[in-house]
There are 2 protein chains.
Amino acid sequence: MTEKKHRIPDVVIRRLPVYLRYLQQLMSYDVDTVSSQQMGHDLNLNPAQIRKDLSIFGDFGVKGMGYRVSELADKLSKILGLDKEIPIVLVGVGNLGAALCRYNRYQKSATKIVGLFDGHPAKIGQVHGSLEVRPMEELVDFVRQNNIKMAIITVPAAAAQSVCDALVAAGVKAILNFAPVLLNVPEGVRVQNSDVTVELQALAYYL
Amino acid sequence: MTEKKHRIPDVVIRRLPVYLRYLQQLMSYDVDTVSSQQMGHDLNLNPAQIRKDLSIFGDFGVKGMGYRVSELADKLSKILGLDKEIPIVLVGVGNLGAALCRYNRYQKSATKIVGLFDGHPAKIGQVHGSLEVRPMEELVDFVRQNNIKMAIITVPAAAAQSVCDALVAAGVKAILNFAPVLLNVPEGVRVQNSDVTVELQALAYYL
DNA sequence: GTGCTCATGTTAAAATTTTTACATACCGAA
DNA sequence: TTCGGTATGTAAAAATTTTAACATGAGCAC
């Protein structure tokens, strides 16, 4: 397959990080080849779907063999844009924010939190990992000066939209939002919501 | 429509909590009626989809008027099983676990964390909110004795499967999993994964 | 080189999900 | 009580996503 025929479906994009992590795991076990069948088995996915997803981006496999693990991992990293480090700001250093911040330090992922912000005066100056919490007033300048395109929002619901607006105004293009509100963003800005309450409530249905 | 024609799609179930929260918000503003059009506008969804989702469970609307907010909220609560309190155990009281635990206390949701467990000896006995961290050895008995059907896993990846097995053995039917691994569960047990890394990486694609 | 095996990439079919379109029926006003 | 305005519930169409099926070609043994 050549390059992007059409816009690539979101569902596909969301599976790529899953493939990537799986491949990285295989690498750590020194596996150097894997078939779509094996992947499908391990990831609970249809092998054809995996092949189809991958073939959107190129002919990565070898007929009769499968995929070379580290090669495919590289390709996926590049496709996702994870071959360069992606700096992130986190706004709202409450419990969850602090947890994410700590979590981020242990991973050797391309996405890296480089700035912490909070509107609560008592929080300013607190240190989490190697980062000091900065006041909201500095947010826009910081984002602009460091050319930051991605942000995590972990402020209370009531503050989320105004934080979001500030981020967008400063040039942020992708937001992972933990506040339980629907954020309003202009075209071209991507929001991914993550909401524990919603997930628990949906799970409750199946009991 | 009458009762469940077929199995109800997961996508629909996952939208119900979103509707529910929206309705609760309307209630807090003393709005007592809402149309699918209004809802669709506010939630960024197609009005027909909302009507269709709701009509699966019954004729909740009034022609020419829309939906009575508090009535619909009640119905949705009941459908999701949120009319009774749902007790939850949380396993793995690290940063994220503690954050979720704290978060849960502030919400007045039907889902309620009633037990905290951790395998790390240093954590045992720590108090978070009104709950004391218990040792893993007590997990199975606690779950059985309190007839707990839902759990949150916030342990490291390496421990997640064995925790999961213990939970399932004790009778848990729904698991919200924050560990970055695919859990293996028998038929009839539901797992919902929540994985910040995956979400950040998927977002990266859009930059 | 030749031939055999195997797993890909891809085309076609099936299944699912979303959107459109509209007949129906409720509410409120006259 | 009748009528007009309006938003539902649903049937049909469109779009999307998943799954099945298979021709193709790479690697390996000989």
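Computed from a prediction, not measured in an experiment: that's the story for all the values here.
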What residues, two or more places apart in sequence or in another chain, satisfy side-chain contact (heavy atoms from CB on, under 4.5 Å) together with [X]?
X: A/A160; answer: A/I153, A/V155, A/A179, A/V181, A/L183
X: A/E137; answer: A/P135
X: A/R134; answer: A/F117, A/E138, A/F142
X: B/T33; answer: B/M65, B/R68

>> Donor-acceptor check, side chain of B/N146 to backbone of B/I148, threshold 3.5 angstrom: yes or no?
In response: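 No; judged by distance alone, with no hydrogens or angles, the pair does not exist.
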>> Can you list everything that forms a salt bridge (charged side-chain N to carboxylate O under 4.0 Å, His left out) with A/K52? Sequence neighbours excluded, please.
In response: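 With neighbours one apart ignored, the set is empty.
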>> Which residues in residues 25-35 of chain A have a heavy atom closer than 4.0 Å to any atom of DNA chain D?
In response: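 Of all residues in residues 25-35 of chain A, none places a heavy atom under 4.0 Å from DNA chain D.
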Between [atom2] on [N] and [atom1] on [X], what's the gap in Å once rounded to a whole number?
X: A/L43; N: D/dT19; atom1: CG; atom2: P; value: 14 Å
X: A/I50; N: C/dT8; atom1: CD1; atom2: C1'; value: 13 Å
X: A/Q37; N: D/dT19; atom1: CD; atom2: C1'; value: 14 Å
X: A/I8; N: D/dT17; atom1: CD1; atom2: C1'; value: 15 Å
X: B/L72; N: D/dA7; atom1: CG; atom2: P; value: 16 Å
X: A/F60; N: C/dG9; atom1: CZ; atom2: P; value: 9 Å

> Does anything in residues 38-49 of chain A pair up under side-chain hydrogen bond (donor to acceptor under 3.5 Å, both in side chains), and if so which pairs, sequence neighbours excluded?
Replying inline: A/Y22-A/D42, A/Q38-A/D42
>> Strictly by side-chain hydrogen bond (donor to acceptor under 3.5 Å, both in side chains), give each pair with a member in residues 186-196 of chain A just once, sequence neighbours left out.
In response: A/D10-A/R190, A/N177-A/N193, A/D195-B/R21
> How far apart are the closest heavy atoms of A/I86 and A/G81, and which atoms are they?
Replying inline: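 Heavy atoms only, the tightest pair is CD1-O, 3.5 Å.
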> Any idea which heavy atoms bring B/T154 and B/L100 closest together, and the distance?
Replying inline: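 Distance-wise, the nearest heavy atoms are CG2-CD1, 3.8 Å.
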>> Taking only side-chain N and O atoms of B/Y67, does any of them lie within less than 4.0 angstrom of OP1 or OP2 on D/dT6?
In response: no
>> Does anything in residues 77-97 of chain B form a salt bridge (charged side-chain N to carboxylate O under 4.0 Å, His left out)? List the pairs, not counting sequence neighbours.
In response: none
> What is the bend of the helix from C/dG1-D/dC30 to C/dA30-D/dT1 when you compare the axis at one end with the axis at the other, using five pairs each and rounding to 10°?
Replying inline: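 Answer for the end axes of this duplex: 10°.
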>> Surrounding NZ of A/K75 (heavy atoms of other residues, nucleotides or ligands, distance under 6.0 Å), is the total greater than 12?
In response: no
>> Please determine whether the number of non-hydrogen atoms from other residues, nucleotides or ligands lying under 6.0 Å from atom CD of B/Q37 exceeds 12.
In response: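 Counting neighbours around CD of B/Q37, 12 or fewer heavy atoms of other residues, nucleotides or ligands fall under 6.0 Å, so no.
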> Within the structure shown, what part of the strands sits under 4.0 Å from A/R68 by heavy-atom distance: base, sugar-phosphate, or nothing?
Replying inline: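 Sugar-phosphate: the residue A/R68, judged by heavy atoms under 4.0 Å, touches backbone atoms but no base.
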> Which nucleotides of nucleotides 17-24 of chain C have their base under 4.0 Å from a protein heavy atom (B), which only their sugar-phosphate (S), and which neither (-), written as one string 5' to 3'?
Replying inline: SBBBB--B
What's touching nucleotides 28-30 of chain D from the protein side, N or O pairs under 3.5 Å?
none

